[in-house]
Trainee: 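Following this message is one structure expressed as structure tokens.
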Amino acid sequence: MDKLVLIDGNSIAFRAFYALPLLTNQQGTYTNAAYGFTMMLMKVLEEEKPTHVLVAFDAGRVTFRHSDYEEYKGKRDKTPSELSEQFPLIKKILDTMGIRHHELDGYEADDIIGTMACQGDQQKMKTTIVTGDKDLLQLVTEYVTVLMTKKGVSDAQRYDIAEIDQRYGLTPKQIIDLKGLMGDSSDNIPGVPGVGEKTALKLLHEYGSVEEVLAHIDKLPGKKLKERVAEHQEQAKMSKQLATILCETPLDFDLSDLEYHSFDSAKVAPLFKQLEFKTLLQRISSADEELPVSTQAKDLTIHHITEENFAKWDSLFDEDQLSLFVEMNHPNYHRAEVLALALSSEENHLYIPISVAQKWEAFKNWLADPKKEKCAYDGKGAHVALRRYGLLATGISFDVMLASYLINPSESGHELSDIVTRKLDASLPADEDVYGKGAKRRQLEGEELAVHLTRKTEAMVKLQSILEEELENTGLSSLFFQVELPVSHVLAEMEWQGVKVDKEGLQELGKELSSRLKELTSNIFDLAGTEFNINSPKQLGEILFDRLGLPVLKKTKTGYSTSADVLEKLAPQHEIVEEILHYRQVSKLISTYVEGLMKERSEDDGKIHTRFQQAIAATGRLSSTDPNLQNIPIRMEEGRRIRKVFIPSQENWLLLAADYSQIELRVLAHLSGDENLIEAFHSNMDIHTKTAMDVFDVEADDVTPEMRRHAKAVNFGIVYGISDYGLSQNLNITRKEAGEFIERYLESYPGVRKYMDDIVKKAKQDGYVTTMLDRRRYLPDINSPNFNRRSFAERTAMNTPIQGSAADIIKKAMVEMKSALDEAHLSAVMLLQVHDELIFEAPEEELEKLTEVVRRVMEDAVELTVPLRVDVDAGKTWYDAK
DNA sequence: GGCTTCACG
DNA sequence: ACGTACGTGAAGCCT
């Protein structure tokens with residue numbers, strides 16, 4: 001069966017351009033539109049399997065429509081050059097793939113598509129039109145459907161006659177009338193002023209067409225509407241005409257010229273490679289080859305180590321450097337089973353089952369020798385996992401995962417296979433592909449496991465030198481070797497220690513909260529007059545807004561918003577709202593904290609061992625998972641009580657918390673050199689009060705709590721990369737008022753204004769920003785023509801040096817802490833990091849000395865133009881260390 | 001698996 | 001006119 005696909009080239013390229021960041025390849029060619037376009041094209045070819053394909057483009061800027069109506073498309077902005085220069089590229093891709101494309105002077109892509117669609121329809125050929133333009137819906141027939149891109153280009157919705165009827169209650173042809181009435185601002189088609197989609201649809205449901213509407217002007221509802229339609233009759237008719245797509249464009253080709261078979265990947269691959277379309281390249285090559293054979297796997301000789309033969313490999317450990325990978329059956333290395341190890345030098349690749357490793361003395365000596373350098377992938381995970389098998393790994397002098405992260409912390413994947421794809425001219429099967437995921441997960445064994453593993457270490461050997469060089473070239477070596485790698489060793493120790501949790505205390509708290517929740521639930525059901533699932537935002541919305549008739553203040557994509565900020569505003573209107581807010585709080589405490597923590601508590605030692613993720617946050621911060629110990633409640637008293645179950649691991653020990661006071665604003669004072677801000681910190685003032693004094697122009701004694709609260713929000717806003725909108729949302733004030741606050745702030749702190757302007761300018765020039773310790777974050781959207789993308793990148797440019805430098809500082813303090821504690825002969829141990837705070841446990845008698853050491857190390861971690869201040873508190877539980 | 005909500009700095 | 005505060009992780013619902 002023949003099948004025709006017609007692609008609206010301009011529309012898809014536009015969509016792709018605005019949906020994707022402004023990518024370039026190494027030659028500096030912009031590729032985002034071409035990339036998005038090609039993604040879409042490949043998807044359509046795969047899914048539709050067409051026998052005939054045509055891509056139509058607009059030609060020039062003047063069409064026959066202009067001779068009818070001069071202002072046609074008049075308001076449209078000029079196509080940005082970053083996009084227009086990609087059209088030749090797209091055509092080249094099409095030529096290489098053997099796909100026909102056409103444009104015709106004086107006509108639009110729409111008309112070419114319309115003409116071919118009519119032909120397809122006449123020949124009863126299944127035809128799919130791919131576009132982002134609703135206009136083309138008018139071409140839908142029994143045989144012709146439209147595939148409309150939704151957001152971005154990846155997602156699409158198919159429209160047939162039934163779908164258009166369901167969506168608009170119109171036939172395809174009536175789409176033209178719709179546009180005739182409502183117009184289209186992007187094409188500058190006027191329509192009838194004051195008539196939007198809603199009114200237009202209402203009129204068409206009643207009368208059916210523009211002509212019929214005009215014939216019944218006196219019967220139209222509303223005086224205003226009557227006047228408007230009467231006044232713009234001609235304009236409506238003309239608009240309809242402009243919106244009508246031609247089916248008789250004079251074309252010098254016909255359907256049979258559009259035949260498409262399949263593309264030749266040998267021709268396409270080099271082009272994709274040049275354009276750096278890596279995902280696409282992988283897709284076309286993997287479809288090509290029967291087996292995913294990597295260039296390396298073919299001639300890789302694997303030495304299987306056994307208890308019988310390991311002795312002859314003892315001399316391997318004379319090598320200066322070996323790569324080591326520890327394979328586990330689970331990502332949580334605190335409880336995963338270690339399956340095997342792989343070890344690679346340049347020449348030799350060893351596969352070592354864990355049981356063999358445990359018996360091989362030469363290996364264990366090498367592993368424990370800090371002078372024997374090891375290149376690891378996630379050395380922290382490897383260290384912790386091996387330690388559970390009685391194997392001590394030290395001397396990890398390189399970490400492929402951390403290096404990749406520092407080189408580009410925004411990159412979404414730092415799996416070894418991702419890194420190989422990015423940095424080597426090769427590929428490695430992803431763990432997920434080898435093992436499968438979810439229910440399809442399987443265990444690997446024997447030769448298959450050996451191959452998978454040794455290919456990893458083989459790749460790591462190659463990666464190490466490449467990454468080392470790249471770190472050096474981008475000024476990241478010192479951050480890597482002095483901070484990031486050492487801090488991974490510190491984190492390994494912290495995670496290994498774990499935090500003791502009071503099981504009975506947690507159970508009791510759980511019981512208490514559960515009975516609270518029960519009361520709240522029955523109260524809510526009483527007030528609602530019915531039972532429902534309070535946890536379902538959908539059901540809750542129906543109760544609040546449909547049944548109880550509360551006003552809808554905010555909507556989400558899928559329905560009513562029931563978020564806390566909305567509910568807080570509704571609270572005065574109905575008793576139930578307060579109860580729901582409380583219910584949410586208690587329910588969160590039970591499921592995330594009581595039950596969540598209980599699940600993660602180890603029965604072996606009664607402790608929780610979180611994992612600090614060191615290669616996730618783009619700013620350089622850590623994150624914490626399984627469980628997240630960086631978001632234990634503190635703001636509300638009810639939640640704060642969760643902290644009472646975190647206790648020291650030994651009798652007569654205490655927990656101690658040391659947190660940086662206002663580290664981000666101090667960093668800002670330092671980076672900006674603003675004299676007023678620097679002075680404020682030197683005089684040790686309450687910074688939010690100081691800001692209130694400046695913004696509201698009052699004396700310290702006249703700052704009200706309300707003023708201080710507003711000033712505090714402004715300070716947060718400054719750190720986040722301020723916008724009047726964001727501040728207005730936060731403070732629940734108008735945008736104008738928020739804008740005035742910001743202006744007053746920037747007048748008071750001119751150095752901050754200059755810093756913010758300069759950092760954005762610098763980011764636009766360099767394409768990245770850096771932190772105090774030279775951590776880098778690239779901002780590909782900083783010059784984007786898309787306002788939202790660009791604005792977001794600008795705020796990131798302002799925020800990252802601040803948040804990132806604070807992250808640098810505490811990491812440096814953590815690295816120095818270990819030796820400081822040793823030198824002071826303290827047995828205290830560091831357990832947790834919460835962004836600007838470190839948590840320790842220690843014997844009571846060490847309290848005084850420990851406080852002094854911790855404060856000194858943290859405050860002296862770096863020297864700023866303002867002092868760093870650290871507050872320290874200790875207590876029997878984390879709750880009491882406040 | 002996406003969306004919504006909410007916990008933290 | 002557009003429509004965002006910065007950075008995370010986890011849970012529950014629903015398709």
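In what follows, chains are A, B, ... by sequence order, proteins preceding strands, each numbered from 1.
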Trainee: Please pick, from B:dC8, C:dA5, C:dA11, the nucleotide with the shortest atom-to-atom distance to any side-chain atom of A:Ala713.
Mentor: C:dA5
Trainee: Taking N and O atoms by type only, does the side chain of A:Gln630 place a donor or acceptor under 3.5 Å from a partner on the base of B:dC8?
Mentor: no
Trainee: With DNA chain C as reference, determine whether A:Arg735 or A:His835 sits nearer its 5' end, using the nearest nucleotide of each.
Mentor: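 The residue closer to the strand's 5' end, by nearest nucleotide, is A:Arg735.
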Trainee: Distance check, P atoms only: B:dC8 and C:dG3, in whole angstrom units.
Mentor: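 Those two atoms are separated by 31 Å.
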Trainee: Establish, with yes or no, whether the OP1 or OP2 oxygen of B:dT4 is under 4.0 angstrom from a side-chain nitrogen or oxygen of A:Thr556.
Mentor: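 Yes, within the criterion.
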Trainee: Please determine, for the side chain of A:Phe787, which listed nucleotide (B:dG9, C:dC2, C:dG7) has the closest atom?
Mentor: C:dC2
Trainee: The side chain of A:Lys538 lies closest to which of these nucleotides: C:dG3, C:dG9, C:dT15?
Mentor: C:dT15
Trainee: Validate the cation-pi geometry between A:Arg777 and A:Tyr768: distance from NZ or CZ to the six-membered ring centre under 6.0 Å, angle to the ring axis within 45°.
Mentor: no
Trainee: Nearest to the side chain of A:Thr619 - C:dG7, C:dA5, B:dG9?
Mentor: C:dG7
Trainee: Pick the P atom in C:dA5 and in B:dT4, then give their distance to the nearest Å.
Mentor: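 Nearest-Å result for C:dA5 against B:dT4 at atom P: 13 Å.
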Trainee: Please check the phosphate of B:dC8 (OP1 and OP2 only) for any side-chain N or O of A:Arg635 closer than 4.0 Å.
Mentor: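 Checking B:dC8 against A:Arg635, a side-chain N or O does come within under 4.0 Å of OP1 or OP2.
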Trainee: Is A:Tyr725 stacked on the base of C:dT4, with ring centres under 5.5 Å apart and planes under 30° apart?
Mentor: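 Answer is yes, a stack.
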Trainee: Hey, does A:Thr530 have a side-chain heavy atom less than 4.5 Å from the side chain of A:Arg547?
Mentor: yes
Trainee: Identify which nucleotide among C:dC13, C:dG9, C:dG7 has an atom closest to any side-chain atom of A:Asn535, counting heavy atoms from C-beta outward.
Mentor: C:dC13
Trainee: Hey, does A:Asp659 have a side-chain heavy atom less than 4.5 Å from the side chain of A:Val834?
Mentor: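 Sidechains of A:Asp659 and A:Val834: no contact.
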Trainee: Under a 4.0 Å heavy-atom cut-off, which of residues 580-591 of chain A touch DNA chain B?
Mentor: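 Within residues 580-591 of chain A, the residues near DNA chain B are A:Arg584, A:Gln585, A:Lys588.
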Trainee: Are any non-hydrogen side-chain atoms of A:Asp686 and A:Arg708 less than 4.5 angstrom apart?
Mentor: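 Yes - at least one pair of side-chain heavy atoms lies under 4.5 Å apart.
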Trainee: When the nearest nucleotide of DNA chain C is assigned to A:Asn788 and to A:Thr800 on a heavy-atom basis, which residue is associated with the more 5' position?
Mentor: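 Mapping each residue to its closest nucleotide by heavy atoms, the 5'-most match is A:Asn788.
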Trainee: Does OP1 or OP2 of C:dG9 have a side-chain N or O of A:Ser623 closer than 4.0 Å?
Mentor: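 Result: yes.
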Trainee: Out of C:dA10, C:dA5, B:dC8, which has the shortest distance to the side chain of A:Thr625?
Mentor: C:dA10
Trainee: Could you tell me whether the side chain of A:Gln613 reaches within less than 4.5 Å of the side chain of A:Leu622, counting heavy atoms only?
Mentor: no
Trainee: Taking atom P in both B:dA7 and C:dC2, compute the distance separating them and give it to the nearest angstrom.
Mentor: 31 Å
Trainee: So, under a plain 3.5 Å distance rule, would you say the side chain of A:Arg621 forms a donor-acceptor pair with the base of C:dT8?
Mentor: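 Check fails, no donor-acceptor contact within cut-off.
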Trainee: Report the stems of DNA chain C as range-with-range entries sorted by first number; a stem here is at least three consecutive pairs, Watson-Crick or G-U wobble, both distances under 3.5 Å, and write none if there are none.
Mentor: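 Only these stems qualify: B:1-9 with C:6-14.
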